[in-house]
Amino acid sequence: MSKQTYRVCFCFTRRFKLTVAEAPEEIKTVFETYSENGIMSVDHLHEFMTEYQGESNVTKEDAQAIIDSVKHLKIFQKKGLNLEHFFRYLFGDINPPLSHTPTVHQDMNAPLSHYFIYTGHNSYLTGNQLSSDCSDVPIIKALHRGVRVIELDMWPNDAKDNVDILHGRTLTTPVELIKCLRSIKEHAFVASPYPVVITLEDHLTPDLQTKVADMITETFGDMLFTPGAECLGEFPSPESLKKRVMISTKPPKEYLESRTMKDKENDSHKGKDSVEDEAWGTEVPDLGDEIDDDNKYGSAREIPQEDDDTDEGDQKVQQSVGLAYKSLIAIHAGKPKGGLEEALKVDLNKVRRLSMSEQELEKAAKTHGKAIVRFTQRNILRVYPKGTRFNSSNYNPLIGWMHGAQMVAFNMQGYGRSLWVMQGMFKANGGCGYVKKPDFLMKGGHDVFDPRATLPVRQILKVRVYMGEGWYLDFRHTHFDAYSPPDFYTRVGIAGVPADTVMVKTKTKEDEWIPVWNEEFEFPLTVPELALLRIEVHEYDMSEKDDFAGQTCLPVSELRPGIRAVPLFSRKGEKYKNVKLLMRFDITYV
């Protein structure tokens, strides 16, 4: 199969020669350096891996295992690797950009408030926020991807004798609470042993709250972490909570049948949905624009009410009602009565969870950035999408992470660039769903991190994009272009704090299933701990929108230096079987 034919019209065809992947010149030079007489021995390979790839812990047994793993190839040499064999190893699945044996390597004994936590929003929805079905299926999928925080909105059923899960005051079809709880129990620890938090938005009468308490207790039993009716003085650690389930909600209040009809995000009916996103989602919003626009959302000194965080001063709870329900709450939600300053006050005797919409955080960050960071050192901040995201799109998660927010809640049922960044962050620390916050976000006193400060460059990341392959195997030959092979280009850049955020792209390689770019880019990083390397491949289309051809997002802090094979994923985050890029990463400390 050396040529490929495309039919242009009934009587005319075009033929294109199919190229075979060959080692770039730089890799040939590297092979010559670490080989003798055209063969790379075990000793040579070990030397290459320690010196060039920076794998200081690799052993000669590991090098031998690599050689043994490719014995099935016809190009195998008993004494070692030849050039083609070496190239196949570099471009193979055993040479990924992150550790090929993901393990939890961060300290997991600090309080929960010291970690970014993989968090879902309206976890039960299968599609848009207004009319999609509610189901336990998206909850199961999220848990299998490592999501650790599941949100459930509880409402009385039509008969008012049981509890349904649905997005209130919309056309979404309900699913029973008990079904969701049983699915969470069954799938909670498939991807990670670390604790699952269930955040409950409560719209129930006291008798139904008692019924919920019975359901939760019977379903989870000893898995449930129940500290009692009082707030915790400090959050436990993820390590101490392995295989445990925690409940987070506001303390129960008297249910009012005549309560004002308001949506939990308050602004959910203020705008209309945007035009359909591009095939791969809209670009991640620029944080600098969001934080610096003084008039975009009004005053930063008041936070609109949210059902999830009712003012403590307004809670009229009868002492005899909801005690069983209240005793299940491990992470108390709610904010003190008053404005932003009161909401961000740190109580040394108890910890709590505060919720803000993405808009609320953006405007609060203009004047209270350091106060937010200080608050999140002991307490938990949850950020959720604004109510106008009817199509279940997402926002830039860096607005939350750079202020120390632990629970940056995302709609997991869709796709798009913001979600790819979220998925990239939680590839870190073995994909366990908990990523330790950088030390600078935990400094107190006069050293509290200022998210708006101008910082010096601390690292320089050099990225070389050599080539790509695998599309011919994973796609129909007319998928990208009906009349010729595809014209691929790669976009590469950084998602991070505003000073570090950038995207660049390679030249377009025309009519090539195996494009060779061999281009290098340099990225100065002021906050490398929060930097994520974004990689996308597109196919240039002169007359229409460029086609999507794969993506991935990788935490810079866990990149393995050297030449690596980078697998690409679909828009929905599913790994392609064969599509990958050959790249090189070099990190210099300034």
Side-chain angles (χ1 to χ4, degrees), residues 20-103 105 427 459-470 490 492 514-523 533 535 552 554-568 578-589:
V20 178
E22 294 184 359
E25 288 301 318
E26 187 173 325
I27 290 177
K28 292 178 182 178
T29 302
V30 170
F31 178 79
E32 291 174 1
T33 303
Y34 292 95
S35 66
E36 188 175 346
N37 297 323
I39 297 296
M40 180 179 284
S41 66
V42 171
D43 290 340
H44 290 138
L45 179 57
H46 179 258
E47 187 179 4
F48 163 76
M49 295 174 74
T50 54
E51 291 184 358
Y52 194 91
Q53 300 285 78
E55 299 179 41
S56 57
N57 296 323
V58 74
T59 65
K60 290 186 178 180
E61 288 73 21
D62 295 327
Q64 183 64 59
I66 290 172
I67 293 176
D68 293 342
S69 70
V70 290
K71 283 185 177 180
H72 65 281
L73 295 178
K74 294 180 180 179
I75 52 178
F76 174 73
Q77 299 286 334
K78 290 184 179 180
K79 296 181 180 180
L81 311 178
N82 63 19
L83 174 61
E84 179 62 17
H85 198 177
F86 176 63
F87 174 55
R88 281 292 121 200
Y89 146 63
L90 289 177
F91 216 167
D93 293 336
I94 58 175
N95 185 41
L98 307 179
S99 174
H100 53 278
T101 54
T103 55
H105 57 85
K427 289 175 183 174
Q459 282 185 17
I460 295 177
L461 172 65
K462 290 183 180 179
V463 177
R464 180 169 288 273
V465 186
Y466 289 114
M467 60 188 297
E469 71 169 6
T490 296
V492 61
I514 303 177
V516 178
W517 297 285
N518 198 25
E519 295 186 42
E520 185 170 281
F521 304 98
E522 190 172 292
F523 303 106
L533 179 66
I535 302 167
T552 193
L554 305 168
V556 170
S557 62
E558 300 208 0
L559 277 179
R560 299 202 298 163
I563 301 169
R564 304 295 174 186
V566 181
L568 297 186
N578 298 285
V579 176
K580 61 178 76 76
L581 299 178
L582 188 65
M583 307 180 72
R584 191 188 75 222
F585 309 115
D586 294 303
I587 297 177
T588 304
Y589 295 88

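None of the values given here were measured: they were computed from a predicted structure.
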Side chain to side chain contact (heavy atoms under 4.5 Å, CB included) with K580: which of L568, N95, D93?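 Only one of L568, N95, D93 forms a side chain to side chain contact (heavy atoms under 4.5 Å, CB included) with K580, namely D93.
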Within this structure, what is the [atom1]-[atom2] distance for the pair [X] and [Y], rounded to the nearest 0.5 Å?
X: I27; Y: I563; atom1: CD1; atom2: CD1; answer: 4.5 Å
X: Q64; Y: S69; atom1: CD; atom2: OG; answer: 10.0 Å
X: L582; Y: N518; atom1: CG; atom2: CG; answer: 10.0 Å
X: R88; Y: L83; atom1: CZ; atom2: CG; answer: 11.0 Å
X: I67; Y: H85; atom1: CD1; atom2: NE2; answer: 7.5 Å
X: W517; Y: M467; atom1: CH2; atom2: CE; answer: 9.0 Å

Of all the heavy-atom pairs spanning [X] and [Y], show the shortest one and how long it is.
X: G38; Y: F31; answer: O-CZ, 3.5 Å
X: H44; Y: I39; answer: ND1-O, 3.7 Å
X: P567; Y: T552; answer: O-CB, 3.8 Å
X: L98; Y: K427; answer: CD1-CB, 4.0 Å

Heavy-atom check, side chain of [X] versus side chain of [Y], under 4.5 Å:
X: E558; Y: S99; answer: no
X: D62; Y: E55; answer: no
X: T490; Y: F521; answer: no
X: Y52; Y: P561; answer: no
X: F585; Y: V566; answer: yes
X: H100; Y: R560; answer: yes
X: K462; Y: E522; answer: yes
X: I535; Y: V463; answer: no

Worked check of ring-ring contact (aromatic ring centres under 6.0 Å, His included) between F86 and Y34: CA-CA 11 Å; F86 176 63; Y34 292 95; 8.4 Å; no
Please determine whether side-chain contact (heavy atoms from CB on, under 4.5 Å) holds for the pair L90 and V30, giving the CA-CA distance in whole Å, both sets of side-chain angles, and the decisive distance to 0.1 Å. CA-CA 12 Å; L90 289 177; V30 170; over 6 Å; no
In sequence, state the C-alpha distance, the side-chain angles, and the governing distance for V556 and F523, and then conclude on side-chain contact (heavy atoms from CB on, under 4.5 Å). CA-CA 11 Å; V556 170; F523 303 106; over 6 Å; no
More than 12 heavy atoms of other groups within 6.0 Å of E26 CD: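 Yes, CD of E26 has more than 12 neighbouring heavy atoms, counting only those of other groups under 6.0 Å.
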If you count the non-hydrogen atoms of other residues, nucleotides and ligands that lie under 6.0 Å from NZ in K28, is the total more than 12?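 For K28, atom NZ is crowded (more than 12 foreign heavy atoms under 6.0 Å).
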Using only atom types and a distance under 3.5 Å, with no angle test, would you say the side chain of H46 pairs donor to acceptor with the backbone of D43?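 Side chain of H46 to backbone of D43: no pair is present.
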